[in-house]
Structure formats: structure tokens, C-alpha cells
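Read through the structure below, which is laid out as C-alpha cells, and then see the notes.
Order of listing sets the numbers, starting from 1, for every ligand and every atom in it. Computation of the quantities below employed the complete heavy-atom set of this structure, encompassing side-chain atoms and omitting hydrogens, waters and symmetry-equivalent molecules.
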Amino acid sequence: MTSAVLVTGGAGYIGSHIVAALARAGRASVILDNFQNSSPGVVARLVRLAGTPIPLVEGDVRDAGVLRATFAAHRIGAVVHCAGMKAVGESSARPLAYWDVNLNGTVRLAEAMGEAGVATLVFSSSCTVYGQPDALPVGEDAPLRPASVYGRTKRAVEEFLRDLAGADARWRIAILRYMNPAGAHPSALIGEAPLGRPNNLVPLMCRAVAGEFDEVPIFGTDWPTPDGTGIRDYIHVDDLAEGHLAALDHLGSHPGVLTLNLGAGRGYSVLEVVGAFEKACGRPVPKVVAPRRDGDIASVYADASRALALLGWRATRGLDAICEDAWRWQRAGGRYA
Ligand code: UDP
């Protein structure tokens, strides 16, 4: 029996697309999720896509007992650690929850991996660790000056993982700094299904156009960018998912710590994304100018050349595909329940 990849947060938006990408590559997954910000219904969809059973462990990544039982019950060869709290705005209001889940969750996981003799870990980090970079595109060696509580938790976990690998040469760790994942699987069977009002731009546009919310707030039109709105590097979630597989393959022959940006390598303003979405759905996006959001920065996009050089990976799906796939998912219901 070949070993499986444990995907923490595997029922979530990015985790579910990683599970689907692993299945496409003929690799087995085990999902660990507490459904805090995801739905059990995703698992049936993944099984349909994969054509094989996918074991699900319902539990919290901070729970040492759950982790120990998971490693005991399944033959796990590697872990992709996506479970965490991820809303920049919310994180400044809930520092305790963000530090507890993101940092303590990773410490407990690493402990359980050590006990189980599993040393290969891919960690979901974020370009928010950079804060506002001095120069763009931002490369992996740029200074880390996160502007939000969320970003500071990610920076801390990165440091923790480097400390681990520094003390024990058996670790094989990939720290993947995501730009802005968006879009959905083209089947529209899985996609982004935030509970409550979405925080992120693309899912909020989906639901606003579908009539579930009044208007999309444009968080600031006075940023130092050409049209005054924030610039981000939007990466299709399937490209992002495939980057994890490439990282796992790389770790197979490279112990130590690998730190990589995963982005498309170009930036779009909020208004450009709104325009692309309007083109994809053929309808106007209702919007209203709002004050800047806490923790936001003006502009960030990635230098993604290290991922290409080391993994042979690059984003292949553009902003139009992101918007078309996100809208197809919304039209199919945009939810699991
Ligand atoms: N944004 C916006 N209105 C929203 C949500 C986001 O104007 O309702 C902007 C946000 O200020 C940023 C960009 O869209 O410039 C992407 O934000 P998102 O929350 O999707 O991702 P983040 O960059 O915070 O990870």
C-alpha cells in the first residue's frame, strides 16, 4: 500500500483543491478538518472527483490525541498543512484565536509528525509575511514585515519550522507563500464556500452578483497605485494546488527547508479584477467605495521565478479563467449544503 498525504484543512477551499490535484496524480489523501470554516459536504464531491474513498478525520489540528490517532490509523507519508485562520481583517480583532490556531496548531502537528516518524511537510504560508515590500515583484529573500496579526502568525510559524529543520536534518519542509488564490475547479463540483459573508474579493463578487449581498466595498481608492485601488497577484486555486504536488516531489530528493512564492507573477488592481469578473459573468458588480481595511497594503505581486527554477512549476491559468471558474461555481450554487 502506498502512503497517503495528510491534508489538514482538507475540506477548506485550498485544501480541497489540493486533495483533488493529488487524486488527479493518482495519490491518496487523508483529510483532517474541524469544519470551523468548511462543510462536510465537500468530501462527497471530492470522492466523486477522485473516484476513490477519501478518509476523513473530523478534529482540530491543536488536538494531540486526534493527531496521534490519525497517524496511527493511516499510513501517512507526508503532510500538507492548510488548517488555519486566514482573514487579514478579522485577525486584528481576534489575535488570541489566530495565534492559538495558527501557531499552536503547527506545533502540535510537528510534534505528532515527529512521534510518527513523518518528516515531510508542506506549509501554507502567505505573501502577507512581506507586508508592503520595498520593491516589486517581491522575491523570497525580501524582508518580512507583516502588516497584520494574520501575517505575523504566518511569519512565526515559518521561523518555528526553520528552527525545527535546523535542529534535525531529517525534516523536509516546503514553506509556500501564497499570493491571492481564487477561482474554482472547472467541474464546479468544488470551490470557495466561505461560511457567512465572504472576506475575500472574488467570492464576495460572486455572491453580490448573485444577489446575496448588496454591494462589494472597494477598500480604498486612495492607495498609491495607478487607479488608487489595491494591487494583488491572483493565482488560480488549481495552479496553486499543483504547486503543492510539485513541492512534495521536490522534497522527495531535497531535505531541509524550501521557501517559495506561489503566484502568477503579475498584479491586478481591485477595479481590474472587478472588470474581469463583469466580463466573465456578463453582469455589473454592485460596488461602493469604502475606507481602507485594517491590515491591508497598497500593492504586492510575486517574483515566482524560484518556483519555476526549482520545481518547474508556473501558474498557467489567468485572471479570466479565475473569474469564469469562480462564476461557474457560483451558478452551480457556490455551496455544499
Ligand atoms: N478588497 C476589496 N473589497 C472586499 C474585499 C477585498 O476592495 O470586499 C480588496 C482588498 O483591499 C485587497 C484585494 O481586494 O486590495 C484582495 O483582498 P482579499 O481580501 O481578497 O485578499 P488579501 O489580499 O487580503 O489576502
Qualifying ring-ring contact (aromatic ring centres under 6.0 Å, His included) pairs with a residue from residues 202-244, counting only residues at least two apart or across chains: Y178-H244
Salt bridge present between E324 and R328 (N-O < 4.0 angstrom): no
Side-chain donor-acceptor contact under 3.5 Å, Y13 with N200: no
Partners meeting side chain to side chain contact (heavy atoms under 4.5 Å, CB included) with S148 (sequence neighbours left out): V88, S91, Y150
Heavy-atom side-chain contact between D233 and V300 under 4.5 Å: no
Which protein N or O atoms sit under 3.5 Å from any N or O of ligand 1? Give each pair with its distance.
residue, atom, partner, partner atom, Å
ligand 1, 3 (N), P217, O, 2.5
ligand 1, 7 (O), P217, O, 3.3
ligand 1, 7 (O), F219, N, 2.9
ligand 1, 11 (O), D296, OD2, 2.6
ligand 1, 17 (O), R293, NH2, 3.4
ligand 1, 19 (O), N200, ND2, 3.1
ligand 1, 19 (O), R293, NH1, 3.1
ligand 1, 19 (O), R293, NH2, 2.9
ligand 1, 20 (O), N200, ND2, 3.3
ligand 1, 20 (O), L201, N, 2.9
ligand 1, 21 (O), N180, ND2, 3.0
ligand 1, 21 (O), N200, ND2, 3.4
ligand 1, 23 (O), N180, ND2, 2.9
ligand 1, 23 (O), R232, NE, 2.8
ligand 1, 24 (O), R293, NH2, 2.8

Salt bridge (Lys or Arg N to Asp or Glu O under 4.0 Å) contacts touching residues 109-127 (sequence neighbours left out): R68-E115, R108-E111
